[in-house]
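To start, the structure under review is shown below, and the notes come after it.
Both backbone and side-chain heavy atoms feed into the values below; hydrogens, waters and symmetry mates do not. When a ligand or atom number is given, it counts from 1 through the structure's own listing order.
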Amino acid sequence: MHALKQTLLKKCREMEIPLAGVADVARWEHPPFRPFVPEAFFPQAIYPEARSVVVIGLPVPLPVLESSPSIHYAELYRTVNILLDQYTYRLAVFLTERGHPSIFIPRDGYGSAEVLRDNPVAFFSHRHAALLAGLGTFGVNNTLLTRKFGPRVRFGSLFTTAAFPSDPLVEGDLCTRCMRCVAMCPAGALDEADYPEGLTDKAACAAHNIALGKRHIDPCGICIKVCPVGEDRTVFGRKKASFYTDRERYESYHRAWEHVRSYGGK
Ligand code: SF4
Ligand code: SF4
C-alpha cells in the first residue's frame, strides 16, 4: 500500500497539485480536539467501505484575492472549485482502476449561499479532513491554515477503500492570533476565541455573501486575504500588515484593486 500511495502522490505532482495528504478513517474516531464532527459526518459513515481519505489542496493566489470583492476573485474561486472536483474525480477513478474502489466528494456540497444560511453545514468537512491528513491547523478565522499558503487554499477529498498509511499531523499551531481576520471581517462574523470555541457567526457570513452574490462578486474572502500565515506572502512580496490599510504608501495597489472592483459586478 505504501508503493501505491507513492504512485498516487507522484500523480498529484504531475497534475500540479501542490498539497496532498492522507488520513486513515480511524482518525475521525480519535480527533486531536473535541467537539469534532458528529459521527454521521465521518467518511466511514458516508461510505462504509472507506479505509482512508485523500485530501488535496489548490492555492488561491494572493494578488487576485486582494481585489475581493470582485469578479476577478469570484471567477478564480469558481475555477479552483471546478479543478478540485475534476482532480478528485480523476484520482478516484485512478485508484478504482487499480482495484481500490474510490469516490470523489464535491468541494462545497451545498446548492447556494441561501441553503448554507438556513443549514450551515455540508455533509462532509474538507477542512477537518485536511487537518487529519496533516495539511494544517485551524485558525481563529475558522479556516485551515497551511504552511505554504496559509488559509489561501481550497480543499477537495476522495474516499478510498485502499488502506493507505496516514501522514503525520502538523504539530503546534500555525495561527499567530494576530486577530487581523477578526478586525477586518466586514460582517463582524468572527470572534477572538480559538477554533472550535470561536465558531464563525455563519448566518452573518452567509448574509454578507448572499448580498455579494446578488452583485455577482461573491465570495468575500477578506479573512483569508489578511492572514499573515503562509509562505505565499513572501512569494508574492506581501509581508507588511499595513499593505491593506495604508493607502497612501501602497497607492498603486489600492488603485489597481479599485479598478478591478469597478467592472463585471454591480
Ligand atoms: S468570508 Fe468575509 S464575512 Fe465571512 S467570516 Fe470571512 S471576512 Fe467575515
Ligand atoms: S489572521 Fe491572525 S488570528 Fe486570524 S487566522 Fe490568521 S493568524 Fe490567526
Steps toward side-chain contact (heavy atoms from CB on, under 4.5 Å) verdict (E75, R78): CA-CA 5 Å; E75 293 293 357; R78 285 184 250 293; 4.2 Å; yes

Chi angles and distances behind the side-chain contact (heavy atoms from CB on, under 4.5 Å) call for D232, V60: CA-CA 10 Å; D232 60 335; V60 174; over 6 Å; no

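Contacts of V229 with ligand 2, taken as heavy-atom pairs under 4.0 Å, involve the side chain alone.
Within ligand 2, the atoms closer than 4.0 Å to a non-hydrogen atom of M179 are 2 (Fe), 3 (S), numbered from 1 in the order shown. Near G221, meaning under 4.0 Å from any of its heavy atoms, are these atoms of ligand 1: 1 (S). Listed by number with element, the atoms of ligand 1 under 4.0 angstrom from any heavy atom of C220 are 1 (S), 2 (Fe), 3 (S), 7 (S). Atoms of ligand 1 lying under 4.0 Å from any heavy atom of P186, numbered from 1 in the order shown and given with element: 7 (S).
Under a 4.0 Å N-O distance rule, the pair K5/D167 qualifies as a salt bridge. At a threshold of 4.0 Å, the pair D194-R177 counts as salt-bridged, since one of the basic side-chain nitrogens sits closer than that to a carboxylate oxygen.
In summary, an N, O or S atom of C175 is located under 2.8 Å from atom 8 (Fe) of ligand 2.
For atom 7 (S) of ligand 1, the closest non-hydrogen atom of the protein is C223 N, 3.4 Å. Atom 4 (Fe) of ligand 1 has as its closest protein heavy atom C205 SG, 2.4 Å. The protein heavy-atom contact nearest to atom 8 (Fe) of ligand 1 is C185 SG, 2.3 Å.
In the candidate list C178, P228, C227, C227 is nearest to atom 6 (Fe) of ligand 2, counting heavy atoms.
Within the structure, the closest approach of N141 to ligand 2 falls below 4.0 Å when heavy atoms are considered.
Ring geometry for W257 versus Y253: interplanar angle of 30 to 60°, hence tilted.
Annotation: E248, atom CD; neighbour count of heavy atoms from other residues, nucleotides and ligands within 6.0 Å does not exceed 12.
R98 forms a cation-pi arrangement with F94, by the criterion of a distance under 6.0 Å to the ring centre and an angle within 45° of the ring axis.
The cluster map of Ile, Leu, Val, Met, Phe, Trp and Tyr, joined by side-chain heavy atoms under 4.5 Å apart, puts F123 and V55 in the same cluster.
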